[in-house]
Amino acid sequence: MKKLIIFTDLDGTLLDAHTYSFKGAISAIKLLRERDIPLIISSSKTRPEIELYRRKLKNTHPFISENGGGIFIPKGYFKLRVKGKLKIKEEGGYLIIILGTPYPDLRKTIKRLQSEGFKIKGFGDMTIGEVASLTGLKPLEARLAKERDFDEPFVFIGDTNKLMALKTRVKAMGLNITQGEFFHLMGNTNKGRAVDILKDLYMRQFGEVMTIGVGDSLNDVEMLRRVDYPVIVKRHDGGYDKRIRVRNLIKADGIGPEGWGRAIMEMADRLTKWKL
Ligand SMILES: [Mg+2]
């Protein structure tokens with residue numbers, strides 16, 4: 001039997017985009033724990049923010065931070081050594097695979113873009129209070145959201161043409177922009193590359209694997225393209241993000257965690273049933 005692995009986005013997917021609650025997904029999360037199905041958080045959030053939710057979710061699996069900037073693997077999680085041409089460091093009980101561009105470099109780019117006239121404001125330009133009111137996070141969580149390593153979320157003022165110009169300029173500087181709840185400036189990383197690396201590690205540990213990925217926004221596309229069962233949930237307006245074009249896309253019936261809970265409950269049950 002192939003080992004089932006699930007990759008999930010947080011904001012707007014497992015967590016409600018406004019309240020950050022995962023209430024609608026609780027039964028499904030319990031099912032995953034009972035059946036020993038790894039749930040890998042893959043978010044634009046920072047390491048300390050994800051750690052907070054891992055504790056709330058009683059999750060002990062590896063996770064992907066800041067849109068694929070870093071992979072955090074609890075020490076001893078995989079029996080085999082993590083190897084390859086990857087930048088790896090050991091810190092705080094993790095093996096950390098570093099894929100992203102260092103945050104200070106991203107901040108320099110933000111400053112440069114501002115001086116070139118682009119109306120952008122990054123989390124690094126905001127106080128904790130400003131991040132809290134922008135995101136709806138509590139001040140403690142907003143503080144954690146500012147502890148960034150590989151990705152700078154920002155707000156942008158301007159029309160479509162100005163946005164195109166910004167994207168072209170960023171590309172010319174060797175960096176990338178993606179979109180979740182906010183715009184994000186980052187290096188040449190995305191959730192997909194991190195998913196590939198983890199998939200490979202799981203395959204070495206378990207043999208064959210089958211994968212589900214769940215998301216809601218553009219920054220999930222590369223993750224969704226690399227899984228066997230790509231799932232999107234509805235956004236708060238009741239529709240799906242139309243910009244997500246992925247083969248065999250499964251549309252979960254429900255907004256954020258409600259859709260997550262329904263889809264995962266049904267799929268995890270069906271895909272692991274004969275094991276019981
Ligand atoms: Mg999202």
Side-chain angles (χ1 to χ4, degrees), residues 6-25 28-29 39-54 56-57 59 63-71 100 122-123 131 134-137 141-142 144-145 148 150-156 176-186 189-195 198 211-227 229-246 249-264:
I6 301 177
F7 294 92
T8 185
D9 171 48
L10 285 180
D11 293 346
T13 302
L14 178 54
L15 305 181
D16 182 273
H18 297 166
T19 64
Y20 298 98
S21 158
F22 52 83
K23 215 171 124 209
I29 291 163
L39 176 64
I40 315 293
I41 292 170
S42 173
S43 172
S44 59
K45 284 188 179 301
T46 62
R47 162 188 171 173
E49 286 182 285
I50 296 174
E51 284 174 330
L52 191 73
Y53 283 97
R54 277 173 90 241
K56 289 185 189 179
L57 295 161
N59 183 305
F63 61 93
I64 298 164
S65 77
E66 296 184 59
N67 280 319
I71 305 175
F123 275 19
V131 172
L134 179 71
T135 56
L137 291 170
E141 293 179 34
L144 302 181
R148 311 202 67 85
F150 312 110
D151 162 301
E152 176 70 331
F154 66 91
V155 287
F156 166 77
N176 281 293
I177 288 177
T178 191
Q179 241 174 306
E181 294 299 318
F182 302 98
F183 290 103
H184 292 263
L185 177 71
M186 53 195 216
T189 43
N190 57 53
K191 292 184 180 183
R193 190 170 167 223
V195 165
L198 276 173
T211 49
I212 296 176
V214 201
D216 75 317
S217 294
L218 269 188
N219 62 333
D220 300 313
V221 167
E222 295 304 325
M223 167 177 78
L224 296 172
R225 286 198 174 131
R226 281 157 168 97
V227 294
Y229 301 95
V231 181
I232 51 170
V233 294
K234 284 182 178 169
R235 296 171 65 90
H236 256 275
D237 61 12
Y240 301 97
D241 191 329
K242 289 188 183 63
R243 299 165 302 175
I244 298 180
R245 294 206 181 94
V246 177
L249 190 61
I250 299 161
K251 292 179 172 173
D253 182 19
I255 296 168
E258 305 287 338
W260 197 101
R262 246 175 243 156
I264 292 297

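Side chains are part of it too, since the values below use all heavy atoms of this structure and drop only hydrogens, waters and symmetry mates. None of the values given here were measured: they were computed from a predicted structure. Whatever order the structure lists ligands and atoms in, that order sets their numbers, starting from 1.
Of all protein atoms, those that are N, O or S and lie under 2.8 Å from the Mg ion (ligand 1) total 3.
In this structure, Lys56 places its NZ atom where more than 12 heavy-atom neighbours from other residues, nucleotides or ligands lie under 6.0 Å away.
Taking a cutoff of 4.0 Å between a charged side-chain nitrogen and a carboxylate oxygen, Arg54 and Glu51 do not qualify as a salt bridge.
Taking the six-membered ring where tryptophan is involved, the planes of Phe156 and Phe183 are perpendicular, since the angle between them exceeds 60° and thus also 30°.
Taking the ring pair (Phe, Tyr, Trp, His ring centres under 6.0 Å) definition, one finds that Phe22 meets it with nothing, sequence neighbours left out.
If you take CD1 on Ile6 and CD1 on Ile41, they are separated by 12.0 Å, rounding to the nearest 0.5 Å.
Here the closest heavy-atom approach between residue Phe154 and residue Gly122 is recorded as CB-CA, 3.7 Å.
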